[in-house]
Amino acid sequence: MPNAPKPGFSYDGKTLTADGLPLPKLAERFGTPLYVYSGPLLRENFHRVRRPFASADPMVAYSVKANSNLAVLDLLHREGAWFDIVSGGELKRVLKAGIPAERAIFAGVGKSAEEMRAALRAGVMEFNLESEQEAERLADVARSLRRRADVAIRINPNVDARTHKYITTGKTENKFGVPLKRALRLARRIAEEMPALNLAGVHCHIGSQILDSSIHPNVVAAVMAFVDEVERETGAKLETLNFGGGYGIAYERGQKPLDLRPFARALLPELKRRGLRLILEPGRSIAAAAGLLLSRVEYVKPGDAKTFVILDASMTELLRPALYRAHHEILPVEKRAMPSGLVDFVGPVCETGDFLALDRESFIPSEGGLVAVMDAGAYGFVMASNYNTRPMAAEVLVDGGEAHLVRKRQTLNDLLRLESIPGVRDGAKGA
Ligand code: LLP
């Protein structure tokens, strides 16, 4: 196609569009706050992450927690994704999206017996184990169902991923994974004492939003040494090596997304030599840039030190700025001559931590105007809450040149449906 536009969000003249569809039209049609995803960009991102590892035919297991909308799961399934799930709820979503359970890998530090049962019955591909206690529980559950579970031990290699401390997972002080010495003991126990478990692989995920391209290559040797040791000590032949996700994206101007090539260069020959199948678990690098949060300006409130732009979106739609002080670019949906200055973009929630951007040198939109909070496609909607009794936003997927409502806006009745007042018929007194 000559001059095919780049997939995703770009200005057509002065108006920001989602794959050519003007965002003001979407705001009118679906209301705000609104999550808007680009199907073409989701696809492009999936293949961009896969490409450096393509010669190993990796299983790219999209990390469902990043954006679990059924339409997103379906789209990625069609591209050939596998799925990394961390709860019975995510398993249900994958199944609801028509994805066979064999394409799902079940991870997480706190799997309940019930979740294990559901996953075993459905037939997930593999469980990532995070402790000896969990291995014992899974062995019990598998035995009672007369099944055998394929497992990988998640190791904690004690490395610093140099990212936000809430999303660092590969250090001794983090709750995730099994320290190497214990992991070897666990491998031996599984091989010798737990016939209901089949030790199939090793798993390692050291953190999220990693931007330093030397971090992943630096753990390759330690992980491989562990694989060799397990094979030597247990006589087992491992089949899979799961290296997790965590590939950072450029949220801020001037940042560069993680370059995956050094990682692929370090990893692929080692895999080949051992005949291991590679599993990767990217979430953010596929979904983040493929989504934005569209919001309308309720008020522009001048202050003595700065201007407060009060949006109809808040920490209940996008928690990342409040929780991690994360940076998201905020763009005007209609470019026009606007004043500029020091701005806090905040929401209506009664909480000082309710901001989407703080002390930002920015355009100052006017009341009723629209802004786009960028890179909100991962860890956006999925972390939403109903705080202040705010209904959850709608989600739209733009694909094939059309906007599809892939999650309706929650209504106040939806939100209140599960509550009741004791002794009152129908649970509530008023309308
Ligand atoms: N695999 C495992 C075992 C994980 O724990 C995670 C993320 C991933 C894969 C996917 O990581 P990604 O490729 O998306 O970086 N809410 C935080 C991020 C939490 C990440 C949790 N685990 C945020 O908004 O930055």
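For clarity, every value in this text was computed on a predicted model and none was experimentally measured. We count residues from 1, following the sequence as given. Just so you know, ligand 1 is whichever comes first in the structure, and atom 1 is the first atom listed for that ligand.
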S.K.: So is Ser285 touching ligand 1 or not, going by heavy atoms under 4.0 Å?
M.R.: no
S.K.: Ligand 1 and Gly246, any nitrogen or oxygen pair closer than 3.5 angstrom?
M.R.: yes
S.K.: For Arg154, counting its heavy atoms only, list the atoms of ligand 1 lying under 4.0 Å from any of them.
M.R.: 3 (C)
S.K.: Should Ile190 and Ile153 be marked as a side chain to side chain contact (heavy atoms under 4.5 Å, CB included) after you check the CA-CA gap, both sets of side-chain angles, and the distance that decides it?
M.R.: CA-CA 10 Å; Ile190 292 174; Ile153 299 177; 4.2 Å; yes
S.K.: With a 6.0 Å cut-off on the ring centroids, do Phe308 and Phe345 count as close?
M.R.: no
S.K.: One pair to check against side chain to side chain contact (heavy atoms under 4.5 Å, CB included): Thr17 and Phe9. What are the steps and the verdict?
M.R.: CA-CA 6 Å; Thr17 72; Phe9 308 106; over 6 Å; no
S.K.: Tell me the contacting part of Leu323 for ligand 1: side chain, backbone, both, or neither, using a 4.0 Å heavy-atom threshold, strictly below.
M.R.: neither
S.K.: I'd like to know whether ligand 1 has Phe176 as a neighbour, heavy-atom separation below 4.0 Å.
M.R.: no
S.K.: Mind checking whether Ala378 has a heavy atom under 4.0 Å from ligand 1?
M.R.: no
S.K.: Apply side chain to side chain contact (heavy atoms under 4.5 Å, CB included) to residues Ile249 and Tyr251 and explain how you reach the verdict.
M.R.: CA-CA 6 Å; Ile249 68 142; Tyr251 282 104; 3.6 Å; yes
S.K.: Under 4.0 Å, heavy-atom basis, I'd like to know which part of His205 is in contact with ligand 1: side chain, backbone, both or neither.
M.R.: side chain
S.K.: Considering all heavy atoms of both residues, which atom of Leu292 and which atom of Ala372 are nearest to each other, and what is their separation?
M.R.: CD2-CB, 4.0 Å
S.K.: Please report the C-alpha distance between Arg407 and Asn69 in whole Å, then the side-chain angles of each, then the deciding distance to 0.1 Å, and finally whether the side chain to side chain contact (heavy atoms under 4.5 Å, CB included) criterion is met.
M.R.: CA-CA 8 Å; Arg407 184 179 158 120; Asn69 186 285; 3.8 Å; yes
S.K.: Counting from 1, what ligand 1 atoms have a heavy atom of Met383 closer than 4.0 Å?
M.R.: 16 (N)
S.K.: If we count only N and O atoms by modelled type, under 3.5 Å, do the side chains of Thr234 and Glu231 hold a donor and an acceptor together?
M.R.: no
S.K.: Strictly distance-based, threshold 3.5 Å: is any side-chain N or O of Arg154 a donor or acceptor partner for the main-chain N or O of Val178?
M.R.: no
S.K.: Within ligand 1, which atoms have a heavy atom of Glu281 less than 4.0 Å away?
M.R.: 1 (N), 2 (C), 3 (C), 8 (C), 9 (C), 10 (C), 13 (O)
S.K.: Looking only at atom types and distance, does a side-chain atom of Asp375 sit under 3.5 Å from a main-chain N or O of His328, one as donor and one as acceptor?
M.R.: no
S.K.: Can you sort out which atoms of ligand 1 are near Ser63, meaning under 4.0 Å from one of its heavy atoms?
M.R.: 8 (C), 9 (C), 10 (C)
S.K.: When you compare ligand 1 with Ser208, is there at least one nitrogen or oxygen pair between them that comes in under 3.5 angstrom?
M.R.: yes
S.K.: So do Tyr247 and Leu260 actually touch side chain to side chain, heavy atoms under 4.5 Å?
M.R.: yes
S.K.: Would you say Gly283 has any N or O atom under 3.5 Å from an N or O of ligand 1, going by distance alone?
M.R.: yes
S.K.: Suppose I only count heavy atoms of Pro282 and a 4.0 Å limit; which atoms of ligand 1 are within that range?
M.R.: 13 (O)
S.K.: With atoms numbered from 1 as shown, which atoms in ligand 1 lie under 4.0 angstrom from a non-hydrogen atom of Asp84?
M.R.: 1 (N), 9 (C)
S.K.: Less than 3.5 Å between some nitrogen or oxygen of Arg284 and one of ligand 1, yes or no?
M.R.: yes
